[in-house]
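Comments concern the structure below.
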Protein chains: 2
Amino acid sequence: MTDINFSMASGDPDSKGSDAASSSNGELRWDIIELLFFAYRDFVGDADHELEAFGFGRAHHRVMHFVHRYPGLKVADLLDVLRITKQSLGRVLKQLLDEDYIVQKTGNNDRRQRLLYATPKGEALVGKLAGLQTDRINRAVQEIDPAGQEAVRQFLRAMIDRDDPDKVLETIFGSGKKPRE
Amino acid sequence: MTDINFSMASGDPDSKGSDAASSSNGELRWDIIELLFFAYRDFVGDADHELEAFGFGRAHHRVMHFVHRYPGLKVADLLDVLRITKQSLGRVLKQLLDEDYIVQKTGNNDRRQRLLYATPKGEALVGKLAGLQTDRINRAVQEIDPAGQEAVRQFLRAMIDRDDPDKVLETIFGSGKKPRE
DNA sequence: CAAGATATGTCAACATGACTGACATAAATT
DNA sequence: AATTTATGTCAGTCATGTTGACATATCTTG
């Protein structure tokens, strides 16, 4: 694996011709599309390794993250945020409950609800994973001035669909206040 | 790109995890971690919906994207970029070849190699998907000034691991020149 | 040239984490 | 009392990832 034939090899069916699609005006943002791919791949990539040691996967991380961030989240809210089915959630949630990373509390007003909370054990794991991701973010941001850092945040917020926000997005966008931490 | 749907996880047992600093000192970047999750979820969601109509999944999108962007890519290079096994790639690639979205050409120097190229049909699909994602990106950056937009790009580049770059990353970072388009 | 290494392909089995559909239970609402 | 809602669960399927073993063609080397 060595020589690379990128961009200059012999036959190159070439083109670009078909960009039609919906960005009627012109240039496609190949650079950002690709940077998002690699950035996200590496951002989440580190984690799988750590999670393996616990016998968990990404699904577990997602659940623990949101339960930690929004204590007392209902199962239904979690389903909205993660956009998966209750059957899928059920599997990972059951493991997290059995292994004591998360606990359920019956709702006060509505006793059908199961409000979710991270245990200290769960907090520890989610914090460790967030630490790794924070390190990467800090490295990435260290040479960017405050205005640029705010531009990054603004960009990310603007990339998110706002049409039918779930509870978590309402918290993030709705009032500007952060859930905690 | 596409699809990359990694979710959110990161973890690395000890390399830096044990420094504890970031995981317990209250400076965790929860906001950016979460924004990245939602931004990426919606970013790839655009393509996912369209792909369904073709009976393809994210794996197909990833392959077509990189073959389109780096015409003449070798199978081995694609494996490096996607970080999957050849058996996994084989399944998707076979479909794309059978359905005429991609073609193979025997290498000139090394006849063992199969250089990959997108067909016009493949170009059309990949362009359509990039159009959807470009629309979202354009919407997101429209109120960000040029300096801020450059900060976004810088941030994304800095989020990417540089230690053992594959051919594509070498092209992206190595010389600063873009592969094409 | 013969021997080995490399690039690719393929068969088979298995894991994870999605999905659908159907059904059960408890608690709230009407 | 009847219905709806919130949650849980059984059963089967699909997409996409994994290992391991092995085949073939072709390049590289002793």
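In what follows, chains carry the letters A, B, and so on, assigned in the order in which the sequence lines appear, proteins first and then strands, with residues in each chain numbered from 1.
- Going from atom CG of B:L82 over to atom C1' of D:dT18 covers 15 Å, rounded to whole Å.
- Contact of the A:L116 side chain with the A:L78 side chain is registered, since non-hydrogen atoms from C-beta on lie closer than 4.5 Å.
- Taking atom CG on B:L78 and atom P on D:dG17, their separation rounds to 11 Å, with Å as the unit.
- The structure places CZ of B:R139 at 10.0 Å from CD1 of B:I137, a figure rounded to the nearest 0.5 Å.
- The base of D:dG8 does not come close enough to the side chain of A:R91 for any donor and acceptor atom to sit less than 3.5 Å apart.
- Listed nucleotides D:dG8, C:dC19, C:dG17 differ in distance to A:T85; the shortest reach to its side chain belongs to C:dC19.
- Between A:V92 and B:G90, the one whose closest nucleotide on DNA chain C sits nearer the 5' end is B:G90.
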Using a cut-off of under 3.5 Å, enumerate the N/O to N/O pairs linking the protein to nucleotides 2-4 of chain C.
none

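- Side-chain contact between A:L169 and A:D166: present, with at least one pair of heavy atoms (C-beta onward) separated by less than 4.5 Å.
- When the C1' atom of D:dG17 is taken as reference, atom CZ of A:R41 falls 16 Å away, rounded to whole Å.
- Checked by distance alone, A:Q87 brings a side-chain donor or acceptor within 3.5 Å of a matching partner on the base of C:dG21.
- When rounded to the nearest whole Å, the span between CD1 of B:I84 and C1' of C:dA15 equals 16 Å.
- Taking the ring centroids of A:F56 and A:Y101, they lie under the 6.0 Å cut-off.
- In this structure, the nucleotide among C:dT10, C:dG17, C:dT20 sitting nearest to the side chain of B:K94 is C:dT10.
- When distances are taken from the side chain of A:K86 to each of C:dG9, C:dA22, D:dG17, the shortest belongs to C:dA22.
- When the P atom of D:dA15 is taken as reference, atom CZ of B:F54 falls 17 Å away, rounded to whole Å.
- Using a 4.0 Å cutoff on non-hydrogen atoms, the parts of residues 104-114 of chain A near DNA chain D are A:Q104, A:R112, A:Q113, A:R114, ordered by number.
- Taking the six-membered ring for Trp and the full ring otherwise, the centers of A:F38 and B:F66 sit less than 6.0 Å from each other.
- The CG atom of A:L79 sits 15 Å away from the C1' atom of C:dT20 (whole-angstrom rounding).
- Between A:R83 atom CZ and C:dA18 atom P the separation is 14 Å, expressed in whole Å.
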query: Going through the distances and angles, do B:H65 and B:H68 end up as a side chain to side chain contact (heavy atoms under 4.5 Å, CB included)?
result: CA-CA 5 Å; B:H65 169 89; B:H68 157 70; 5.6 Å; no
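- Transitive grouping of hydrophobic side chains (ILVMFWY, heavy atoms separated by less than 4.5 Å) brings B:L79 and B:Y70 into a common cluster.
- Here CG of B:D161 is found 12.5 Å from CZ of A:F43. Values are rounded to the nearest 0.5 Å.
- Between the NZ atom of A:K74 and the P atom of D:dT7 there is a distance of 6 Å, rounded to whole Å.
- Side-chain contact between A:M64 and A:L96 is present, with at least one heavy-atom pair separated by less than 4.5 Å.
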